[in-house]
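Single-structure report; data block below.
The structure displayed is predicted, hence computed values, not measured ones.
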2 protein chains.
Amino acid sequence: MGDLMELDVGYDIPARVGMRLDEVATPCLILDLDALERNIVQMGRRARAMGVAHRAHGKMHKSADVARLQMRLGGAVGICCQKVSEAEAFVRAGIMDVLISNQVRDPAAIDRLARLPLRGARVGVCLDDVANVAGLAAAVARHGTQVDCLVELECGAGRCGVAGPEEALALAQAIAAAPGLRFAGLQAYHGGVQHLGTDAERRGVMAGVLDTVRDTVALLATRGLQCATVTGAGTGSFEMEGASGIYTEIQCGSYAFMDADYGRIRDAGGARLDATWDHALFVAAQVISHVLPHRAVLDAGLKAMSGESGLPMISGEPDLIATSLSDEHCVIDDPAGRLRVGDRLRLVPGHCDPTCNLHDWYVGVRAGVVECLWPVTARGKVF
Amino acid sequence: MGDLMELDVGYDIPARVGMRLDEVATPCLILDLDALERNIVQMGRRARAMGVAHRAHGKMHKSADVARLQMRLGGAVGICCQKVSEAEAFVRAGIMDVLISNQVRDPAAIDRLARLPLRGARVGVCLDDVANVAGLAAAVARHGTQVDCLVELECGAGRCGVAGPEEALALAQAIAAAPGLRFAGLQAYHGGVQHLGTDAERRGVMAGVLDTVRDTVALLATRGLQCATVTGAGTGSFEMEGASGIYTEIQCGSYAFMDADYGRIRDAGGARLDATWDHALFVAAQVISHVLPHRAVLDAGLKAMSGESGLPMISGEPDLIATSLSDEHCVIDDPAGRLRVGDRLRLVPGHCDPTCNLHDWYVGVRAGVVECLWPVTARGKVF
């Protein structure tokens, strides 16, 4: 019976290649492929111009296909991500240079990390505690592998990282002395600075960070420890790290997709950041209720986009304002009462990273037609 | 090579049956099975005492296993959910009485809805617009099925639903006149009232809602339209709907798991709601960094629990306070400096529904041992 054949659009996949954009199941994640490629090419050009490598942050998109595009079109050297299970998913999908820009402390997770090079991958990890060294060294010895180790410096985000140059030195010496661990340099990323509203605010905070990183690199050098890699930076700050002469690598992620939160911050000339980086990520949504003349209700809520960074923007519709986001709905103020049930809107989510992690598929669109369907390779890989 | 055999804990699944709780991969969702069963039994008892049916809200847990427990131990008549793809997932997993307590307007989604009864399921849906009737009737005619249709009343949440009794009558008449559609009654749920802090506030708002529902039922009866079902209510308000004499069915969902947001609201006696309903849902997390004496960093962030409803509570550790939640981390104020790297905590997430939707598995635990591993059946089913 044909009626029971449900493995089609709407069951598990939101679209098929060749569909028109206005036929995809809603809500779903849409990638504007032209915008995505422009962003990737631009970041590659800017990293080259500053003489730094770009290691794209895979925690943002969790997609091996996007990572490959960043390497092919943007010259990215590889990716970073935050969890061992994420790294496993990327390596299985063929991304062979992966830095876990985070602490890995659980013994089972350390063991999985040490096994990843057996698949042919180059793998790095960050440390902020001498007590982490012995377990990592034992795991790589067990599996006959090698792992790059970076000392993470706390830069002001108030999370992980050693406090300063002296602590970094002690940890770097412990790493360098451990068999199977390669001391690779420093991880120095300030998460909080990325979203400060103006370039001047971001430069003010980053000046202190750059001084600490410079002092740390210099102190380690006096003890014979060269930092082959100094890595960090995000979409809001990368021009500072990139031009510092200290960083060798930047880790921007959000530039590729953009979101409402990043779009609002201002560059050195006072322009919105989404004038430089195009919005490439959207949540396609549809009006499912319009009982009151000025209020439309969409079929996309907190399970289609994360809500902790504010409400979505409505792309290309300056008169429409999102007024609330609940589990399953987004309510739109429609002052002219011009929307109708079935009308489709493209929402720019407040925060791209946790939004992408909600979905199983990216629907890649060019000129209004679905060109590709990419799995969110590492979706839900939080271990 | 044994080293390449990665299909084990940490790759795709966070735990195995028989493991100790302190061995599971973190972060992951933990269900305290004793607490869950107590909550389910209590709700069954209270619904029976009020003489109403309980249709458990499956949008909260998205789990066919939890739904089956609610039906077996709590006497639930079936479930409700919010999307067609969710209903498909529940029906495929054997839950055969499903109400979509939401509007379904996309033509492809309407077609999928109309096919669901072919699998043997009883299916219902809500309407707030006469324009929805023809498409639904055509779809059920195409597939030779029948769908229960409820008129959704707007109760003050500011989302979907017709404005009042007259509008409900016009829509109910249109449904009753359409072949293949069965007019089944009213959906009347006030989402916003659930989280008001005191019982008096909730009763104040619900009094008006109950009047509107009563007037609507009465008006429809004068025109020969009997409401076989009047359904709605959540964990914060169900005693009011249940005792109203108008509602025939309550739709509580969060009572089964609870969360930090519901835990804080007060019942009629002024006690916290989590004195009545036990916290059964936790995010297991682990300290991965503790560089400063009073600040511990956990391995669970916005990809392990939703952040739009506030920070998590730390279960059983009154001296520990979550101070921030970012993509991958939760920072804990540890005033006594007693936590160590590797220490495990159980977090009560701010909001259970979008938190459950982040994970692929529930790890069911009793007496500190993993008893079951349940898939989050409808995870990510947002279409």
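With a threshold of 4.5 angstrom between heavy atoms, A:Glu152 does not approach chain B through any atom at all. With a 4.5 Å cut-off on non-hydrogen atoms, A:His290 does not touch chain B at all. Using a 4.5 Å cut-off between heavy atoms, A:Asp327 contacts chain B through its side chain alone, with no backbone atom that close. Contacts between A:Arg344 and chain B at a heavy-atom distance below 4.5 Å involve the side chain alone, from C-beta outward. When heavy atoms are compared at a cutoff of 4.5 Å, A:Val382 approaches chain B by way of both its backbone and its side chain. With a 4.5 Å cut-off on non-hydrogen atoms, B:Asp111 does not touch chain A at all. The part of A:Asp129 that comes within reach of chain B is its side chain, from C-beta onward, which places non-hydrogen atoms under 4.5 angstrom from that chain. Interface remark: B:Glu154 contributes side-chain atoms only to the contact with chain A (heavy atom separation under 4.5 Å). When heavy atoms are compared at a cutoff of 4.5 Å, A:Gln103 approaches chain B by way of both its backbone and its side chain. Residue contact with chain B, scored on non-hydrogen atoms closer than 4.5 Å, involves the side chain of A:Asn102 exclusively. Contact of A:Ser306 with chain B is not made at all, since no heavy-atom distance falls under 4.5 Å.
Each of B:Glu167, B:Lys83, B:His359 has some count of heavy-atom pairs under 4.5 Å with chain A, and the biggest count is that of B:Lys83. No other option in B:Gly380, B:Gly301, B:Gly144, B:Cys160 has as many heavy-atom pairs under 4.5 Å with chain A as B:Cys160. Interface summary for chain A: among B:Ala300, B:Gly161, B:Gly342, the most heavy-atom pairs under 4.5 angstrom belong to B:Gly161. The residue among B:Ala163, B:Ala89, B:Gly158 with the most heavy atom pairs within less than 4.5 Å of chain A is B:Gly158. Top candidate by heavy-atom pairs under 4.5 Å with chain B, chosen from A:Leu358, A:Leu292, A:Ile288, A:Val287, is A:Ile288. Of all the listed residues (B:Asp106, B:Asp360, B:Thr26), the one sharing the greatest number of non-hydrogen pairs under 4.5 Å with chain A is B:Asp106. The residue among B:Val104, B:Val331, B:Asp353, B:Val297 with the most heavy atom pairs within less than 4.5 Å of chain A is B:Asp353.
Put simply, the side chain of A:Gln286 does not reach to within 4.5 Å of the side chain of B:Arg105, judged on heavy atoms. Using a 4.5 Å heavy-atom threshold, the side chains of B:Pro107 and A:Glu23 count as separate. A:Glu308 has its side chain within reach of B:Leu302: a pair of non-hydrogen atoms, C-beta onward, lies under 4.5 Å apart.
Between atom CD1 of residue B:Ile13 and atom CZ of residue A:Phe383 there is a gap of 8.5 Å, rounded to the nearest 0.5 Å.
Side-chain contact of A:Arg159 with B:Ser326: a donor-acceptor pair under 3.5 Å is present, judged by distance alone.
Between the side chain of A:Lys303 and the main chain of B:Lys59, a donor-acceptor pair closer than 3.5 Å is present.
Residue pairs meeting the salt bridge (charged side-chain N to carboxylate O under 4.0 Å, His left out) criterion with at least one member in residues 290-302 of chain A: none, sequence neighbours excluded.
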